[in-house]
Amino acid sequence: MGRITRLTGIASGILLLSLTCAQAAQYKFDLSDEYQATGPTGEAEQHFKDLVAKNSNGQIEITLHLDGSLGYKSADHNAAVRDGAIAMASTPVDHLGGLSPIFDFQSLPFIAPTYANLRELTDVCMPFYKEQEANQNQVILCTEAWTSTGLWTRKPINSPADLKGLKVRAYEAIGTKTFLRAGAAAIQMSWSDVIPALTTHTIDAVLTSDEGGVDAKFWEHGVKYFNSIGFQQGISIVTMNKDAFNKLPPDMQKVILDAAADTDKFSWDALNGRVDKNKRIMAGAGGVFVDQVPAVVIQALKDAGAPVLAEWKAKMG
């Protein structure tokens with residue numbers, strides 16, 4: 001009898017565990033990101049995932065797919081989330097210019113030289129972003145802030161002449177046009193293609209943040225100089241398929257939105273001290289953070305970007 005009682009107890013425990021696991025897996029969503037786990041977006045999304053799991057008592061499970069592991073590049077995310085191929089994705093705003101010129105605002109050269117400027121610019125643009133994404137069957141959950149964009153190179157940039165013929169990767173049309181006008185051999189390229197292109201010397205420079213180069217350890221590929229030109233500062237947005245969101249019960253929708261609001265603050269707060277941290281990592285690995293880029297170089301890029309600004313104004317109205 002005692003053996004039967006013990007077996008009955010074990011069976012009951014297994015059944016209870018199965019029911020608990022079934023409840024934990026009630027809502028499952030994939031979140032795609034082309035960037036690394038250690039970067040600003042990856043860290044913010046881990047925070048979001050953990051907070052959602054905790055506050056939903058395990059009823060919502062978010063699986064992160066970083067480093068483009070789902071096969072989607074950032075430029076693919078908008079359509080993939082819109083069509084429901086994936087439930088959530090993190091997309092740099094500058095990849096959405098094809099939807100509306102408002103998404104190109106933050107990409108304009110030297111438009112937001114400080115983080116305070118970037119925060120203000122984001123707040124001003126957000127109602128327009130939400131309207132555009134609603135038209136794309138998506139809900140904006142939160143923003144993820146990046147450090148300032150500069151130029152990673154094999155040699156320091158000491159004069160405008162050093163830009164001439166420089167094979168540089170840009171990540172959107174505005175940066176590409178600006179560097180082409182400055183005399184560089186600029187090419188628009190997705191992040192996941194950068195390391196192979198550096199390895200084969202298809203490119204010798206990368207327009208990205210200090211953070212991006214540190215995460216990818218550019219110095220291991222001979223690109224050790226980060227020229228801090230303050231070219232752009234931008235954000236990524238995490239969006240969710242509107243149909244998937246609307247299918248959630250109200251209490252679970254609130255869990256998602258509350259966690260997203262907390263993650264937004266987490267991401268922006270994480271900017272504090274991030275550049276200093278990257279400088280320390282670079283110094284220890286043989287990288288060089290060039291704070292004082294010659295003013296003539298920055299002015300040459302401003303001059304090259306002036307027609308781009310005029311084109312944007314004409315589109316935006």
Side-chain angles (χ1 to χ4, degrees), residues 31-50 64-75 77 89-95 106-107 115 118 142-154 168-172 175 188-200 202-238 263 266-291:
L31 197 167
S32 179
D33 188 343
E34 194 177 3
Y35 294 91
Q36 296 94 334
T38 54
T41 59
E43 290 181 357
E45 287 146 24
Q46 185 65 51
H47 177 84
F48 176 62
K49 165 191 166 80
D50 293 343
L64 300 183
H65 301 273
L66 302 168
D67 293 301
S69 58
L70 273 182
Y72 294 106
K73 296 179 179 180
S74 295
H77 281 162
S90 170
T91 308
V93 166
D94 51 66
H95 284 67
Q106 295 188 348
S107 298
Y115 295 140
L118 179 62
C142 64
T143 61
E144 300 166 323
W146 287 91
T147 54
S148 181
T149 298
L151 191 62
W152 283 85
T153 54
R154 300 184 191 276
V168 56
R169 170 264 184 180
Y171 46 85
E172 39 67 56
Q188 191 170 334
M189 182 181 293
S190 181
W191 179 252
S192 58
D193 296 326
V194 167
I195 295 300
L198 286 175
T199 303
T200 58
T202 302
I203 56 173
D204 290 312
V206 183
L207 184 66
T208 190
S209 64
D210 57 305
E211 184 73 43
V214 168
D215 287 342
K217 299 180 180 179
F218 278 175
W219 48 83
E220 293 182 355
H221 305 277
V223 181
K224 70 176 186 176
Y225 293 94
F226 177 72
N227 301 272
S228 181
I229 57 177
F231 187 70
Q232 297 164 337
Q233 288 191 97
I235 63 163
S236 292
I237 54 174
V238 177
T263 300
F266 171 90
S267 177
W268 287 84
D269 287 349
L271 283 181
N272 294 323
R274 196 155 194 121
V275 172
D276 289 336
K277 172 189 171 185
N278 289 333
K279 285 182 178 180
R280 291 192 296 271
I281 293 172
M282 290 174 65
V288 180
F289 194 108
V290 183
D291 272 305

With sequence neighbours left out, what residues match S192 under side-chain contact (heavy atoms from CB on, under 4.5 Å)?
-> E34, K73, S190
All heavy atoms of A145 vs all of S267, minimum pair found to be N-OG, 3.0 Å
Residues passing the side-chain hydrogen bond (donor to acceptor under 3.5 Å, both in side chains) test with D50, sequence neighbours excluded, are Q46
Closest non-hydrogen atom pair, G175 against L207 = CA-CD2, 4.3 Å
If we only count heavy atoms from C-beta on, is the M282 to V214 side-chain gap below 4.5 Å?
-> yes
Residues passing the side-chain contact (heavy atoms from CB on, under 4.5 Å) test with A205, sequence neighbours excluded, are L151, T153, L166, V168
Kindly state each residue pair satisfying salt bridge (charged side-chain N to carboxylate O under 4.0 Å, His left out) with at least one member in residues 266-284, sequence neighbours excluded.
-> E43-R274, E211-R274, K265-D269, K279-D291
Within-4.5 Å side-chain heavy-atom neighbours: D67 and Q36 | yes
Would you find more than 12 non-hydrogen atoms of other residues, nucleotides or ligands less than 6.0 Å from K224 atom NZ?
-> no
Report the residues that fulfil side-chain hydrogen bond (donor to acceptor under 3.5 Å, both in side chains) with Y171, sequence neighbours left out, ordered by chain and then residue number.
-> T149, Q232
Can you tell me how far CD of E172 sits from CD of Q188, rounded to the nearest 0.5 angstrom?
-> 6.5 Å
In this structure, NE2 of H221 is separated from OG1 of T199 (nearest 0.5 Å) by 5.0 Å
Result of checking I237, T91, L70 against H77 for side-chain contact (heavy atoms from CB on, under 4.5 Å) | T91
So which heavy atom on F218 is nearest to which on I195, and how close?
-> CE2-CD1, 3.9 Å
side-chain contact (heavy atoms from CB on, under 4.5 Å) partners for H47, two or more places apart | L51, D262, T263, F266
Can you name the nearest heavy-atom pair linking P40 to D215, along with the distance?
-> CD-OD2, 4.3 Å
D33 side-chain N/O to Y35 backbone N/O, donor-acceptor pair under 3.5 Å = yes
Any residue meeting side-chain contact (heavy atoms from CB on, under 4.5 Å) with S228, in chain and number order, not counting sequence neighbours = F226, F289
With sequence neighbours excluded, what pairs up with F48 under the ring-ring contact (aromatic ring centres under 6.0 Å, His included) test?
-> none
Report yes if the side chains of W152 and L198 come closer than 4.5 Å at any heavy-atom pair, otherwise no.
-> no
Which atoms form the tightest heavy-atom contact between E45 and S90, and what is the distance?
-> OE2-CB, 3.1 Å
For T208 and W146, test the side chains for any donor-to-acceptor distance below 3.5 angstrom and give the result as yes or no.
-> no
Supply the atom-to-atom distance F231 CZ to S209 OG, rounded to the nearest 0.5 angstrom.
-> 14.0 Å
Non-neighbouring partners of D204 that pass salt bridge (charged side-chain N to carboxylate O under 4.0 Å, His left out), sequence neighbours left out | R154, K167
Those residues at least two apart in sequence (or on a different chain) that pass side-chain hydrogen bond (donor to acceptor under 3.5 Å, both in side chains) with T147 are D210
Pairwise distance CH2(W268) to CG(L271) - rounded to 0.5 angstrom = 6.5 Å
For the residue pair I203 and R169, what are the closest heavy atoms and their distance?
-> CD1-CB, 3.7 Å
